[in-house]
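A short write-up of the structure that comes next.
Numbered from 1 within each chain, the chains take letters A, B, ... in sequence-line order. Because the structure is a prediction, the values reported are computed rather than measured. The figures here come from the full heavy-atom set of this structure, side chains too, leaving out hydrogens, waters and symmetry mates.
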Protein chains: 2
Amino acid sequence: MTEIVQPPPSDGSSGAPVTGGLGEVPVAFQDPGYRAAVVDLLGAIAYGEISAFDRLAEDARLAPTLADKLALSTMATVQFNHVEGLIARIAALGSEPMQAMAPFVKPFDAFHAKTAPSNWLEGLIKAYVGDGLAADFYREVAAFLDADTRDLIIASLVDAGHSDFVVERVRQAIQRDPRVAGALALWGRRLMGEALSQAQRVAAERDSLASLLAGGVDRPGLDLAALGRMFTRLTENHAKRMAELGLAS
Amino acid sequence: MTEIVQPPPSDGSSGAPVTGGLGEVPVAFQDPGYRAAVVDLLGAIAYGEISAFDRLAEDARLAPTLADKLALSTMATVQFNHVEGLIARIAALGSEPMQAMAPFVKPFDAFHAKTAPSNWLEGLIKAYVGDGLAADFYREVAAFLDADTRDLIIASLVDAGHSDFVVERVRQAIQRDPRVAGALALWGRRLMGEALSQAQRVAAERDSLASLLAGGVDRPGLDLAALGRMFTRLTENHAKRMAELGLAS
């Protein structure tokens, strides 16, 4: 079976789907390496959402009011509600979802263990910054994937507008007591540092993501300069989010 | 504004709605005592779902496998997803949802503190037995309410078939090691005892629920004998659930 395929655009815009109809497997998946890499990526995102759910539900206990607790718990369930679709897709690609997620349990759990918030504001910032960073990264990677997988990933990144709540609460807190800003800015840097350090470890241990970014016969890849620009974009977006919160990055 | 109203049937079957159209307030709400009682009940159910979510998310950490963790986390989010509708209804009745939930924070938190599971199986049984008991009770009370409120409550009790998972897991564990059955049966009795004790405390402190059950001008009520039968039904259903798990009650 041969088919002429449009490589997906690398700028993140929506390209023509490489599959002819519903349920048909895109040509990209004829490369078993690509299939394995996509399963890996979906496993990482799915477990990432499960662990984010887990920690947000716990951090919600730090909430000073019932309304705050409700808001953070809602953020937790929004994350979790994406898991079902990701798992279904892993299964449709012929892999066992729990096995696909397993390699990412340790790095995500390690990230959360090292960034357990010690108060409500730290929890809020972690929810906002962590979610934003993960979303940026997955969106960058999604640009290199077949259209179906890309759409699924983009859909699982929708945050239902809960960031407004975090921004408002953190700004209020800084307005009430400007002295908290210094410690919270440090906290934001630590979150970014831990995230990069875990991501690096995953990349070193698993070739799949690296091979996705490097491209394939029918998919364009990133050279070192482009990879550098991608990290610059991630860092800039992180800085924008910190500024949005009223914090230096 | 006067309107002839059919009292809702007390057997839990669906009666004719007392409101003429969407958004119109049922006649029963002309009684401010009824309105206050319904707000109280919805506040109790809403906070009950929030606290159940909170504890299920925590108990999911006791899961021996990722698949088990996922199953219990899913039960947690199913509970939480009902909260939005309950809160919207409280607001539509002119009350502040957080204030409506506030009186129930202490009893629910006390119940959960006194019934923190010490292992995965205890967590599973608590999820199954606690959810079932709460659903039975709210369903009994819902029979005394206007049709709109009743429908909302019944809809918020749907468990999406996750009980099958609990039943299967607990039975497997007993089959592997029949000696666990004794301690788990005791655990089931303790859950029932703590639930009744907290419910009694709420009933003693807040007249609203008692007044709902006692009926009103346009609503039939329960006499002491009927109340006794209701508690018998709750106990019998609890026993059925324990038997379903393979445990004596």
Next on the checklist: Using only non-hydrogen atoms and a strict under-4.5 angstrom cutoff, which residues of residues 51-64 of chain B touch chain A?
Outcome noted: F53(B), D54(B), R55(B), A57(B), E58(B), R61(B)
Checklist entry - Is any side-chain heavy atom of M98(A) less than 4.5 Å from a side-chain heavy atom of T65(B)? => result no
Checklist entry - Would the number of heavy atoms belonging to other residues, nucleotides or ligands and lying under 6.0 Å from CD of Q175(A) be above 12? => result no
Checklist entry - Picking from P97(A), S73(A), A76(A), A67(A), which has the most non-hydrogen pairs under 4.5 angstrom with chain B? => result S73(A)
Item to check | Contact listing (chain A partner; residues 118-127 of chain B; heavy atom under 4.5 Å) | outcome: none
Next on the checklist: Please enumerate all residues that pass side-chain contact (heavy atoms from CB on, under 4.5 Å) together with A88(A), with sequence neighbours excluded.
Outcome noted: none
Checklist entry - Is it the case that more than 12 heavy atoms not belonging to Q200(A) sit under 6.0 Å from its CD atom? => result no
Next on the checklist: Could you check whether any side-chain heavy atom of F80(B) comes within less than 4.5 Å of a side-chain heavy atom of L70(A), counting everything from C-beta outward?
Outcome noted: yes
Item to check | E194(A), CD: over 12 other non-hydrogen atoms inside 6.0 angstrom | outcome: yes
Item to check | Residue part contacting chain A, namely of I50(B), when any heavy atom lies under 4.5 Å | outcome: side chain
Item to check | With V141(B) via side-chain contact (heavy atoms from CB on, under 4.5 Å) - residues at least two apart | outcome: L41(B), F137(B), L209(B), L212(B), L213(B)
